[in-house]
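Just so it is clear, the values below take in all heavy atoms, side chains as well, and ignore hydrogens, waters and symmetry mates. Letters A, B, ... are given to chains in the order of the sequence lines, protein chains preceding strands, and every chain is numbered from 1.
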Amino acid sequence: MPPQTRRMAFPNVVIERDTDSEESSSSSDEEQDVEEEDNNDDLEAEEEEEVENGDTVEEVKVEVSAAKKREKAPITISLKKVCKVCKRTGHEAGFKGATYIDCPMKPCFLCKTPGHTTMTCPHRIATEYGVIPAPRRHTHNSLDYVFERQLRPNIPAIKPAFVIPDQVNCAVIRYHSRRVTCLEFHPTRNNILLSGDKKGQLGVWDYCKVHEKIVYGNIHGCILNNMKFKPTNDGTVYAASSDGTISCTDLETGISSSLMNLNPNGWQGPSSWRMLYGLDVNSEKGVVLVADNFGYLYLMDIRSNSKVGETILIHKKGSKVVGLHCNPVQPDLLLSCGNDHFARIWDMRRLESGSSLCSLAHRRVVNSAYFSPRSGSKILTTSQDNRLRVWDSIFGNLGSPSREIVHSHDFNRHLTPFRAEWDPKDPSESLVVIGRYISENYNGAALHPIDFIDISTGKLVAEVMDPNITTISPVNKLHPRDDVLATGSSRSIFIWNPKEKSEIVQQKDEKKIVLCGKAEKKLNKKFDGESDDSDDDIRKIKGKITQSRKAEPKSSRCSLKGKR
DNA sequence: AACCGATGATACC
DNA sequence: TGGTATCCCTCGGT
């Protein structure tokens, strides 16, 4: 039966929109509605669905009058504004301009505690509030003291001033065709940045010669999860991918060989397809370590490209091992983390299932776990429970973290998981960078800053943002020697310098923003005839980008006492 | 401007 | 233990 015929026979429908004045007692109405809907016949139910499809923001309620049994009786439909999160009336969640209003019925989006929203969250207002102080327990044994004495001289007592790269110096907009998943600075060539993406492509970019950028597309079939340079040849990089292979790529030629393929028989269904996530290189032992989505660790010999030892279950069977990190000082120590909510410390000399030296419990998935870059004696983890965890000494009591720092870095399946990264230049091993999930209203623009946190206190040292970065920046890396921050935000890559330095660079050749692929074509089309938009005419293009934005803060900012 | 879709962790059965 | 509904400040496309 065609719908028109049905509608013809249907009683008159009166649509009633509620005004801004909200009815406070809607619960009794709702109950009534439900009862009545239950009594409705099929036709009425279908009609309701049709109207709902036409407007998803406003919930449709069908109120049938007492005389509804007669087919031609009038029906009143009221379109009441409901919260898109909890579907209740009386409030609305979502953006009001550039400010996001949380649903009050849900736990706080930042700290996950019920009873308040992000707006009133104590962790947002006082940035140190979420820090749980380190319990001062003394459970060292004599061996610990020996180790600690060896390591302690590396850590100066006085913290130097932090240098924050807070100005975008250059960028490639839409560098990748899918979102960026990882970044890696070249270990010796200062201006070379490597980037991996969700498609499995590998970018090589000389950000001082902004236009010298390459994307190698034939290395992996899907997500490039982690990469690391070969210690004996810094023109070569290893990468672990969800296609189940480890690649070894020459950066000059892009020629890649496969060290390992966990899916030699191709796709046999999701229950058997193995993906590689965690990857690190242990140069002392000459092995590449990788871990898969079923909880297993694999070791490959660098020289022979052959597998070393047995495959070892290091996390809960069937769970993803997302991170591996070798201790920079003690080559025998390995740190792993994964979806079983644990980070684990292992002794490389005795790698067996269940033989971890320590299991660090988390409340949610652990996105990353890193030893500190200089002494290797601290541990920093990023967990999906919106908390950074710090263990001040691996030789101390590891039963509970020294500090938990509440920070917005929620999991979202459409985003690369956030990972807090150490500043390798900070001798005090306390400066850490991590992107922020929740936005802040900056002069009418909702921007997601990148946070610098002092993990020894939990303080937010700086939040940096740029009006050209409107997307969340989950991937960040600090340069091993220079005061440079690299950011992967969606498909774009940004290079930041400290303000003073940026200005010197920019005086010479202005801020360089390069557009790639469709972004470039689109912009050229939009402003066709105005100029030829050659690659060198970056300033004009940049101007056009900012012109085409609705709301725009005046310049990129770095505030020292922002909210988190 | 309003959809659409991709597709990860998790709670619950 | 496995299948599925739900989560719901994404992003880029049409």
Quiz item: In whole angstrom, what separates Phe95(A)'s CZ from dC9(C)'s P?
Solution: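 That distance rounds to 8 Å.
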
Self-check item: Atom-pair distance (CE on Met105(A); P on dC8(C)), nearest Å
Solution: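 Result: 13 Å.
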
Heavy atoms only, 4.0 Å cut-off, all strands: where does [X] land among base, sugar-phosphate and nothing?
| X | result |
| --- | --- |
| Ser439(A) | base |
| Tyr437(A) | sugar-phosphate |
| Lys317(A) | nothing |
| Arg179(A) | nothing |
| Lys320(A) | sugar-phosphate |
| Asp102(A) | base |

Practice problem: Determine: side-chain N/O of Lys106(A) to OP1/OP2 of dC8(C), distance under 4.0 Å, yes or no. | Solution: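 Affirmative; the distance criterion is met.
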
Self-check item: Base dC11(C) to side chain Thr471(A), donor-acceptor N/O within 3.5 Å cut-off
Solution: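 A donor-acceptor contact between them is absent.
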
Tell me whether [X] is salt-bridged to [Y], with the criterion being a basic N under 4.0 Å from an acidic carboxylate O.
| X | Y | result |
| --- | --- | --- |
| Glu440(A) | Arg124(A) | yes |
| Lys459(A) | Asp454(A) | no |
| Asp410(A) | Lys112(A) | yes |
| Lys228(A) | Asp280(A) | yes |
| Lys84(A) | Glu92(A) | no |

Quiz item: What integer number of Å spans the P atoms of dA2(B) and dC8(C)?
Solution: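 About 22 Å, rounded to a whole number of Å.
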
Practice problem: Please work out which of the three classes, parallel, tilted or perpendicular, describes the rings of Tyr207(A) and Phe185(A), given edges at 30° and 60°. | Solution: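 Phe185(A) vs Tyr207(A) ring planes: perpendicular.
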
Exercise. Please tell me which of the listed nucleotides, dA9(B), dC9(C), dG13(C), lies nearest to the side chain of Arg124(A)?
Key: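 For the Arg124(A) side chain, the nearest candidate turns out to be dC9(C).
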
Would you tabulate the pairs of protein nitrogen or oxygen atoms and nucleotide nitrogen or oxygen atoms of nucleotides 11-13 of chain B closer than 3.5 angstrom?
from	atom 1	to	atom 2	distance (Å)
dA11(B)	OP1	Arg364(A)	NH2	3.4

Quiz item: Counting only heavy atoms not in Asn261(A), do more than 12 fall under 6.0 Å of its CG?
Solution: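 Enclosed.
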
